[in-house]
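What's counted below: heavy atoms across the whole structure, side chains too, no hydrogens, waters or symmetry copies. Chain identifiers are assigned alphabetically (A, B, ...) following the order of the sequence lines, protein sequences preceding nucleic acid strands; residue numbering begins at 1 within each chain.
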Amino acid sequence: MAYRQGACLEELCPVCGDKVSGYHYGLLTCESCKGFFKRTVQNSKKYTCVENQQCRIDKTQRKRCPFCRFQKCLNVGMRLEAVRADRMRGGRNKFGPMYKRDRALKQQRNSFIQNRRFRLDSSSLLASTSQQSDPPPVAICYSLTTNQPPSLSTLLPSALPAANQYQCTPSSDWTIKSENSNNCACLSGSAAGSYIHSDDPHSTPFSTQGPRMPQLVMEFLRCDPDESQLQDKITTRLQQVHGDHDTFSLMCVMADETLCSIVEWARASIFFKQLEVSDQMKLLHHCWSELLLLDIISRQVLYGKEGSLLLVTRQEVELSDIICHADPSLATLVLQGQELIQRFQILKADRQEFVCIKFLILFNPDVKELEDRGFVESVQEQVEGALLEYTLISSPQYLGRFAHLLLCLSELRSLSALAEDYLYRRHLNSQITCNNLLIEMLHAKHSWR
DNA sequence: CTAGCCTTGAAG
DNA sequence: CTTCAAGGCTAG
């Protein structure tokens, strides 16, 4: 029985990596692991491992150690209960609805991912209309190399051990399957939510009772900086600056500090630390303003109140004050930002979703001259998958939520491009001073064209 | 024992 | 009726 194509395109058995033949005992597995699991459970087989119970199980070596094979079956989530005690044939069991749901989830995920290209094209189109891209900007002689080393490169480690590539914590068993001949590393879980296959028995990739959060989202949350810690850090740094700063330059200092924390966050983040430093720099140079804007927006949506702008420092500034003191361009930007905040508020976007969006922004495969675009692409796809899955679990009654979030992201991108242009113009007028990272970032993109 | 193919039968 | 995940069979 060929498994219906389309539902799962190139799904591999989570136990041995062989071709999947359908759902067996709780998840998609290959025919041989299905049979192996059945024999083991039906006949109450007991195996022993002659090694250290950590044998690698793949298609060619799966026969070698039945102990570790069975262990892996259980670890990836195969269900003992699905093997029938009475050996009754045919029919359906209680897992039926679960399979159906998982299949629907996968299908939606695939179709969204397939639409990704189109969506990105249209969003970059949107962004480019707001930028005078063709003629290179004013010839300002500002060489990064003649200055002190750019702060981003000092913030990023100068070298990474090569062995670090594609590796995560040694404790977790991330299976990375390369697709075709390119080095597109792709972590793919078999059942819903199984992004992480670990030997930890608590990380059951599939749960029948109650909704659960995708593992990737949980990992993102775990590494997301704590708002109050960030607050303290930036507040102390701001106090050190003090002096004759007007509101705008104070905001710039704040942006600069926030940028530092964004770089720190990225450095410590899963996936990002696997990249070469050159790629890390390219990604950050490309998306810094988007991340900065998302930081501001998410703060308003999660903690802010209407009519005022909540700063990292927990200070509140009346919007009306900002608008009447701002020049017309800035006022427009603030108003547009306000609209975007409202859109996120209507959606009631939560921390989980913002943290996924952060990763979607960071891992942008459209960035030019990436060494390892395949990896960036695969991360982007995984994050999209996790976000989609999260939205389907958290608000199953609203299927369009994921698409709406992506729409907001695309608007955020065009707004950040406008904001970046605005900052760049003010920088050219020497109105932004003493903000190393901010200035480096402002120059990075312009020196590329 | 393994793993590919076959048969079964409740659910949709 | 069809679907498809259970169990069954058997050559290698």
Checking A:Glu276 against A:Ser278: is there a side-chain donor and acceptor pair closer than 3.5 Å? no
Any side-chain N or O of [X] below 4.0 angstrom from OP1/OP2 of [N]?
X: A:Arg103; N: C:dT3; answer: no
X: A:Tyr99; N: B:dA11; answer: no
X: A:Arg62; N: B:dA3; answer: yes
X: A:Asn93; N: C:dA5; answer: no
X: A:Lys45; N: B:dC1; answer: yes

Could you please name the option among C:dA6, B:dT2, C:dG7 that lies closest to any side-chain atom of A:Lys63? B:dT2
Out of B:dG4, C:dA6, C:dG7, which has the shortest distance to the side chain of A:Ser32? B:dG4
Stepwise salt bridge (Lys or Arg N to Asp or Glu O under 4.0 Å) check, A:Arg222 with A:Glu219: CA-CA 5 Å; A:Arg222 200 176 59 77; A:Glu219 170 67 19; 3.1 Å; yes
5' precedence on DNA chain B between A:Pro97 and A:Cys33 (nearest-nucleotide basis): A:Cys33
Can you measure [X] atom [atom1] to [N] atom [atom2] for me and round it to whole angstrom units?
X: A:Lys94; N: C:dA5; atom1: NZ; atom2: P; value: 16 Å
X: A:Phe95; N: B:dA11; atom1: CZ; atom2: P; value: 15 Å
X: A:Met78; N: C:dA5; atom1: CE; atom2: P; value: 13 Å
X: A:Asp86; N: C:dG7; atom1: CG; atom2: P; value: 9 Å
X: A:Gln42; N: B:dC1; atom1: CD; atom2: P; value: 13 Å
X: A:Lys38; N: B:dC6; atom1: NZ; atom2: P; value: 15 Å
X: A:Phe37; N: B:dG4; atom1: CZ; atom2: C1'; value: 20 Å
X: A:Tyr23; N: B:dA11; atom1: OH; atom2: P; value: 20 Å

Polar side-chain contact A:Lys100-B:dG12 base: donor and acceptor under 3.5 Å: no
Confirm from the modelled atom types if A:Arg92 and C:dC4 form a donor-acceptor pair under 3.5 Å, side chain to base only. yes
Contact class for A:Arg69 (heavy atom, under 4.0 Å): base, sugar-phosphate, or nothing? sugar-phosphate
Answer with yes or no after comparing the ring centroid distance for A:Phe220 and A:Phe359 against a 6.0 Å cut-off, counting only values under it. yes
So, is the end of the A:Arg69 side chain (NZ or CZ) under 6.0 Å from the ring centre of A:Phe36 and within 45° of the ring's axis? yes
Among residues at least two apart in sequence or on other chains, which ones pass ring-ring contact (aromatic ring centres under 6.0 Å, His included) with A:Phe363? none
